[in-house]
Amino acid sequence: MTPAGPGRAGSADPAADLADFAAGAHRHPVVLWELTARVRLLSDTHIGSADDSARTAADIAPIDRDPLDHAPRLRASTQAGLLRHHLAARLGPDRADAVAELFGEAARGADPADPGGTAVNAASALDIDDAFAELPPEAGIAVRAGNRVDPGSGAAAPGAFWRMETLPAGTRFTLTLRLWVADPADEGRLLALAALAADGLNGADLAPGVAIGARTARGYGAVRCDSWHLRRHDLRTPQGWADWYALTWRQRRERAHRAVTAPARTRPARAPGLLTLVPDHLQRDPALAAAIGGDYSAALADLATDRRHRDELTLTLRLAERPTEAFLPTGSGAPPRAPGPRPGLLMVGDTPRLESLGEVDRAHLRRPSVGGDGAVEWRPALGDTALFALFKRLSRRLVRDISGESATTLAEWPEDSPARRLHARWWGGDARSGGAPAPSGIRLRQAAELTGGTTQRTTRVTIDSLFGDAVDSTLLTDDVHAGGQATVILDAPQPDDAVRGLLALIVRELHTVPLDAIGGGSGAGHGRVTVTRAVLTRHEPGAVPDRVDLLAAIDDARSPERAAVGPWVSALRAAVSGDRAAAPGPNGSAR
């Protein structure tokens with residue numbers, strides 16, 4: 001008679017008996033954690049379809065939808081990739097083994113003498129479900145049309161028109177994750193790794209985290225977590241086993257959704273992340289704290305240091321300009337000048353709203369935005385493509401001037417030019433021979449929206465350039481935006497002193513007399529923006545963030561901020577001239 005083995009009748013191990021009835025028993029889990037998050041989009045988001053043949057006849061890039069009910073969805077594989085990427089960036093390349101502990105890895109065959117053997121996938125400790133979009137009542141899926149802006153001229157590039165479906169700000173997803181623990185000794189460490197990965201969902205205004213979908217370098221896809229919920233199932237006990245396996249899949253999903261969709265009045269203004277909720281959970285269960293609390297704390301002490309070398313530049317941009325006379329000395333008896341920049345007008349074209357349709361020909365761009373109370377409002381935007389093109393245009397002019405290559409045309413700018421390589425690394429290269437442009441290193445953390453200001457209706461006619469009189473039947477009415485300001489955050493991963501110097505010079509250009517503009521009507525003086533606040537924050541692993549006020553460096557030649565910025569500009573000159581001996585290293589140090 002064959003002796004009873006694990007999971008057979010007569011076994012002395014009740015957990016093994018229960019495991020035989022469990023779906024997924026091949027993993028032999030002993031503990032399962034349910035992690036449920038309620039996240040909302042803070043800006044337009046395009047989650048592309050995996051089936052490129054789904055493009056419509058009008059060549060509109062569709063969002064991904066469930067093939068059965070066509071509901072917009074965020075695939076489980078996409079969620080896993082985003083969380084894994086965030087955890088890997090946070091831990092650094094030296095801790096790739098820790099990332100593999102949570103997300104698994106591709107391992108070679110078991111025979112060490114055959115390193116080229118059959119590949120075997122080490123399973124991830126995280127199971128994730130597809131999440132489906134819940135659209136806000138104030139906005140729905142829209143087709144966003146745009147045109148690539150030529151950074152050289154600031155005008156729309158011919159033939160670079162694109163259209164794609166977007167989910168609006170305020171769209172919510174309920175993410176359901178399950179952490180499987182096969183060895184009780186690993187529970188605390190796996191929970192710490194899951195908390196660090198999920199920390200990327202906590203909000204775009206705290207640090208660069210998870211961004212969903214396409215065009216994330218332009219601020220698309222920023223997310224924020226509204227609420228988290230944790231539930232632990234000890235599958236070694238009958239109660240824990242039944243609490244998980246006795247429910248149907250639909251019942252478990254509905255229970256998780258109810259846990260994170262409580263009325264807003266019962267939730268804090270900002271949901272605490274898993275790094276806060278897990279200790280609270282352990283504190284409410286002394287037995288659990290005694291079992292894994294020490295392992296969880298030890299794992300965080302080992303892994304929690306953010307290993308990313310990154311800079312962030314926080315700007316306040318006013319829709320205004322400082323006139324030239326503001327920089328000239330005031331003579332005796334002269335009338336006092338109006339303080340501060342003069343408000344200006346902005347037109348980034350968009351389809352007029354329903355209430356003004358038929359009354360105006362064009363209206364300034366407005367996008368759904370999530371307010372502090374969670375309500376979705378339509379607010380004027382600064383224009384992500386136009387704003388990024390402005391920074392890129394200033395960068396290209398600066399590096400060409402410093403390198404002495406401004407006399408050559410853009411078409412003749414050498415491919416191997418150090419100035420061109422530096423510019424393309426940080427702001428992206430231009431498409432050549434019909435290929436895709438190189439991606440940018442600097443990223444716009446979130447699409448910028450304008451606060452303050454007002455809508456102003458203007459009427460204009462076309463003037464004949466030859467005779468100087470009005471052209472018949474060319475009366476145009478626009479709703480432009482007047483005044484206001486926006487907060488913009490640029491992220492630079494793995495920066496060096498050269499890019500810090502470049503950012504400082506871009507700020508100087510926009511702080512003094514802005515010669516460049518965004519949007520339409522720039523020839524008539526529209527679209528001037530002025531920097532009124534600029535702080536560059538350097539983040540190094542294990543160090544206190546170092547902040548430099550760039551406006552103080554520009555306005556006061558004797559300030560300590562000017563002393564800090566000086567070497568950065570010198571490093572930029574060395575980098576664009578190809579002086580590799582004087583150029584800084586990857587983290588700002590000399591080679």
Side-chain angles (χ1 to χ4, degrees), residues 22-24 27 29 32-55 61-87 102-104 121 123-136 140-141 164-180 194 197-202 209-216 220-231 233 244-245 247-261 271 274:
R27 294 191 183 187
L32 184 145
W33 284 83
E34 283 185 272
L35 316 175
T36 310
R38 181 81 163 167
V39 301
R40 59 177 167 170
L41 301 178
L42 301 179
S43 60
D44 286 349
T45 300
H46 173 76
I47 304 173
S49 173
D51 182 10
D52 191 59
S53 65
R55 283 179 176 264
I63 58 175
D64 192 48
R65 288 180 167 87
D66 183 85
L68 295 179
D69 59 8
H70 303 288
R73 68 176 176 179
L74 177 60
R75 290 182 176 228
S77 56
T78 301
Q79 299 173 51
L82 293 171
L83 294 175
R84 180 169 191 152
H85 176 77
H86 174 75
L87 182 63
L102 183 63
F103 289 100
N121 288 326
S124 169
L126 272 182
D127 270 352
I128 305 176
D129 294 337
D130 288 351
F132 297 92
E134 301 171 34
L135 300 176
I141 296 174
M164 62 185 184
E165 289 185 316
T166 58
L167 296 170
T171 300
R172 285 181 166 86
F173 291 94
T174 299
L175 312 184
T176 52
L177 305 85
R178 293 171 297 278
L179 178 65
W180 297 84
D199 190 55
L201 299 170
N202 279 346
V210 170
I212 299 173
R215 299 177 63 83
T216 55
Y220 280 41
V223 300
R224 174 178 296 161
C225 185
D226 285 338
S227 59
W228 275 102
H229 184 262
L230 304 180
R231 186 186 296 269
H233 306 278
W244 175 251
Y245 286 113
L247 274 66
T248 67
W249 188 267
R250 181 182 296 275
Q251 288 171 329
R252 288 197 296 260
R253 185 177 182 87
E254 290 176 350
R255 180 178 64 181
H257 281 225
R258 285 195 303 269
V260 292
T261 55
L274 281 183

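Just so you know, residue 1 is the first one in the sequence shown, and it goes up from there.
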*Asks:* Output, in order, the C-alpha distance, side-chain angles, deciding distance and verdict of side chain to side chain contact (heavy atoms under 4.5 Å, CB included) for Tyr220 and Leu167.
*Replies:* CA-CA 10 Å; Tyr220 280 41; Leu167 296 170; over 6 Å; no
*Asks:* Begin from the C-alpha positions of Leu179 and Leu102 and carry the test side chain to side chain contact (heavy atoms under 4.5 Å, CB included) through to its verdict.
*Replies:* CA-CA 9 Å; Leu179 178 65; Leu102 183 63; 3.8 Å; yes
*Asks:* Taking all heavy atoms of Phe103 and all of Ser124, pick out the closest pair and write down the distance.
*Replies:* O-CB, 3.3 Å
*Asks:* Check salt bridge (Lys or Arg N to Asp or Glu O under 4.0 Å) between Arg38 and all other residues, then give those that pass, not counting sequence neighbours.
*Replies:* Glu134
*Asks:* Assess whether side chain to side chain contact (heavy atoms under 4.5 Å, CB included) is satisfied between Thr36 and Thr174, documenting all intermediate values.
*Replies:* CA-CA 7 Å; Thr36 310; Thr174 299; 3.9 Å; yes
*Asks:* Mind listing the closest non-hydrogen atom pair of Leu247 and Arg255 along with its distance?
*Replies:* CD2-NH1, 3.6 Å
*Asks:* Would you compute the distance between atom CG of Leu230 and atom CG of Leu177 and round it to the nearest 0.5 angstrom?
*Replies:* 11.0 Å
*Asks:* Only counting residues at least two apart or in another chain, list the ones meeting salt bridge (Lys or Arg N to Asp or Glu O under 4.0 Å) with Arg231.
*Replies:* Glu34
*Asks:* Can you tell me how far CG of Asp64 sits from CZ of Arg75, rounded to the nearest 0.5 angstrom?
*Replies:* 4.5 Å
*Asks:* Counting distance only, does the side-chain N/O of Gln79 pair as donor-acceptor with the main-chain N or O of Asp129 below 3.5 Å?
*Replies:* yes
*Asks:* Check the angle between the aromatic planes of His233 and Trp244 and answer parallel, tilted or perpendicular using the 30° and 60° thresholds.
*Replies:* tilted
*Asks:* Looking at Ala211 and Thr216, what are the two nearest heavy atoms and their distance?
*Replies:* CB-CG2, 3.7 Å
*Asks:* Once you round to the nearest 0.5 Å, how far does OG1 of Thr176 lie from CD1 of Ile128?
*Replies:* 8.5 Å
*Asks:* Just jot down the salt bridge (Lys or Arg N to Asp or Glu O under 4.0 Å) partners of Asp130, sequence neighbours excluded, or say none.
*Replies:* Arg73
*Asks:* Got a second to check how far Arg172's CZ is from Leu135's CG, nearest 0.5 Å?
*Replies:* 11.5 Å
*Asks:* List the steps, then state whether side chain to side chain contact (heavy atoms under 4.5 Å, CB included) holds for Ile141 with Arg65.
*Replies:* CA-CA 12 Å; Ile141 296 174; Arg65 288 180 167 87; 3.6 Å; yes
*Asks:* With sequence neighbours excluded, what pairs up with Ile212 under the side-chain contact (heavy atoms from CB on, under 4.5 Å) test?
*Replies:* Leu41, Thr45, Ile47, Leu74, Leu82, Val210, Val223
*Asks:* Rounded at 0.5 Å granularity, tell me how far CD in Glu165 sits from OG in Ser49.
*Replies:* 9.5 Å
*Asks:* Closest approach of Ser43 and Ala222, non-hydrogen atoms and distance?
*Replies:* OG-N, 3.5 Å
*Asks:* Using 0.5 Å steps for rounding, measure from the CH2 atom of Trp33 to the CG atom of Leu274.
*Replies:* 9.5 Å
*Asks:* Considering all heavy atoms of both residues, which atom of Arg224 and which atom of Asn202 are nearest to each other, and what is their separation?
*Replies:* CG-O, 3.9 Å
*Asks:* Taking only residues two or more places apart in sequence or in another chain, which ones pass salt bridge (Lys or Arg N to Asp or Glu O under 4.0 Å) with Arg252?
*Replies:* none
*Asks:* List in chain and number order the residues that pass side-chain contact (heavy atoms from CB on, under 4.5 Å) with Ala169, two or more places apart in sequence or in another chain; answer none if no residue qualifies.
*Replies:* Pro368, Val370
